[in-house]
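Ligands are counted one by one from 1 in listed order, and the atoms in each one are counted from 1 as well.
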Amino acid sequence: MQHILGIDGLSDADITAILDCAQAYADGLRQPELLRGRIVFSLFFENSTRTRVSFETAAKRLGAEVVNWSPGASSVAKGESFADTIATLAAMRPDAIIMRHTENRAPHMVAERALCPVINGGDGTRAHPTQALLDALTLRQARGQVQGLTLVYCGDIAHSRVAGSGMEIFRRLGARIRIVAPPAFMPMDLPPGVEAFTRMEDGMPGADVVIPIRPQNERMDTALIDDAGYAAAWGLTPQRLALAAPGALVMAPGPIRRGVEIDGAVADDPARSLILKQVANGVFVRMAVLDLLLAER
Ligand code: ASP
């Protein structure tokens with residue numbers, strides 16, 4: 001593993017190694033302070049709460065120093081191009097770059113220019129590999145294994161990098177994948193083997209895990225569906241969750257909007273919702289990724 005740009009760039013062995021290493025951190029079995037003296041750049045060209053803070057926490061738990069950069073307070077605001085900004089930052093020789101960008105494949109361009117590992121914290125509508133890894137870890141912990149489970153991604157699948165990377169990792173781990181999407185949010189190409197529905201009532205029966213994906217309105221000129229209409233037809237309510245398999249679990253990448261894509265009672269149900277467990281596991285997965293990419297260098 002040189003970089004983490006997408007699930008497609010990881011072998012099955014890489015995925016297992018990351019999940020096992022993350023589990024070791026979760027169990028307190030792995031040595032901290034592994035990255036003392038290393039400097040990690042955190043370059044977020046797009047808003048983030050969980051991913052940015054989680055990476056920073058992970059790096060600091062391993063003893064690394066984190067340099068945070070954001071475009072609003074930088075020379076991007078003076079008209080510097082993305083390529084020149086990246087060349088400038090790479091010339092400072094960080095030990096790793098964590099980045100998020102609105103453009104698909106922007107991290108690939110950085111990986112070609114930087115002399116250090118690049119970790120994708122989300123690019124456009126394309127990929128969010130550490131989210132997929134933390135989702136896989138969370139489900140593996142909750143159910144012992146992913147193989148044979150039926151997962152339903154519902155909502156804005158077309159614009160969601162979380163759904164894209166998630167479907168990829170879970171298919172490779174042997175899950176059955178369904179999507180339920182409003183026609184406006186149905187992807188043009190479905191990954192092989194994925195079943196698609198437009199009504200929640202049709203996609204829910206037999207689901208072991210339901211993953212609501214909010215409309216990614218920031219990627220559209222205007223919201224394609226208003227919040228009330230979305231909630232009425234595709235919101236994950238206790239009644240709709242009751243159509244899934246008994247004891248079905250709920251995961252969500254966040255941010256969640258209560259009363260729109262997920263009912264507050266579902267999000268807060270301690271027997272069903274894994275949402276905060278996902279957040280906790282995000283730190284362990286990102287520790288594992290930094291560890292595996294950097295410790296031996
Ligand atoms: N936080 C996730 C992402 O960055 C999901 C979302 O924003 O809906 O893609």
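With 3.5 Å as the limit, one finds no donor-acceptor pair spanning the side chains of Thr237 and Asp263. If you check the side chains of Thr51 and Arg100, you find a donor sitting under 3.5 Å from an acceptor. Judged purely by distance below 3.5 Å, without hydrogens or angles, the side chains of Asn281 and Gln141 pair a donor atom with an acceptor atom. Side-chain contact annotation: Thr138 with Asp135, donor-acceptor N/O pair under 3.5 Å absent.
We find that Arg258 and Asp268 are joined by a salt bridge, their nearest charged nitrogen and carboxylate oxygen being less than 4.0 Å apart.
Under a 4.0 angstrom heavy-atom cut-off, Pro255 registers as being in contact with ligand 1.
With a 6.0 Å radius and a threshold of 12 heavy atoms from other residues, nucleotides or ligands, Glu201 has its CD atom above the threshold.
Inclusion of Gly254 in the set of residues having an N or O under 3.5 Å from an N or O of ligand 1 is warranted. For the pair Arg219 and ligand 1, the shortest N or O to N or O distance does not fall below 3.5 Å. Between Arg161 and ligand 1, at least one N/O pair is under 3.5 Å apart. Here's the thing with Arg100: one of its N/O atoms is less than 3.5 angstrom from an N/O atom of ligand 1.
With ligand atoms numbered from 1 in the order given, ligand 1 contributes 6 (C), 7 (O), 8 (O) to contacts under 4.0 Å with heavy atoms of Arg214. For ligand 1, the atoms closer than 4.0 angstrom to any heavy atom of Val162 are 2 (C), 5 (C), 9 (O).
At a 4.0 Å heavy-atom cut-off, ligand 1 touches His128 through the side chain alone. Looking at Gln216 against ligand 1, only its side chain comes within 4.0 Å, counting heavy atoms.
Relative to the ring axis of Phe55, Arg286 places its NZ or CZ within 45° and under 6.0 Å from the centre.
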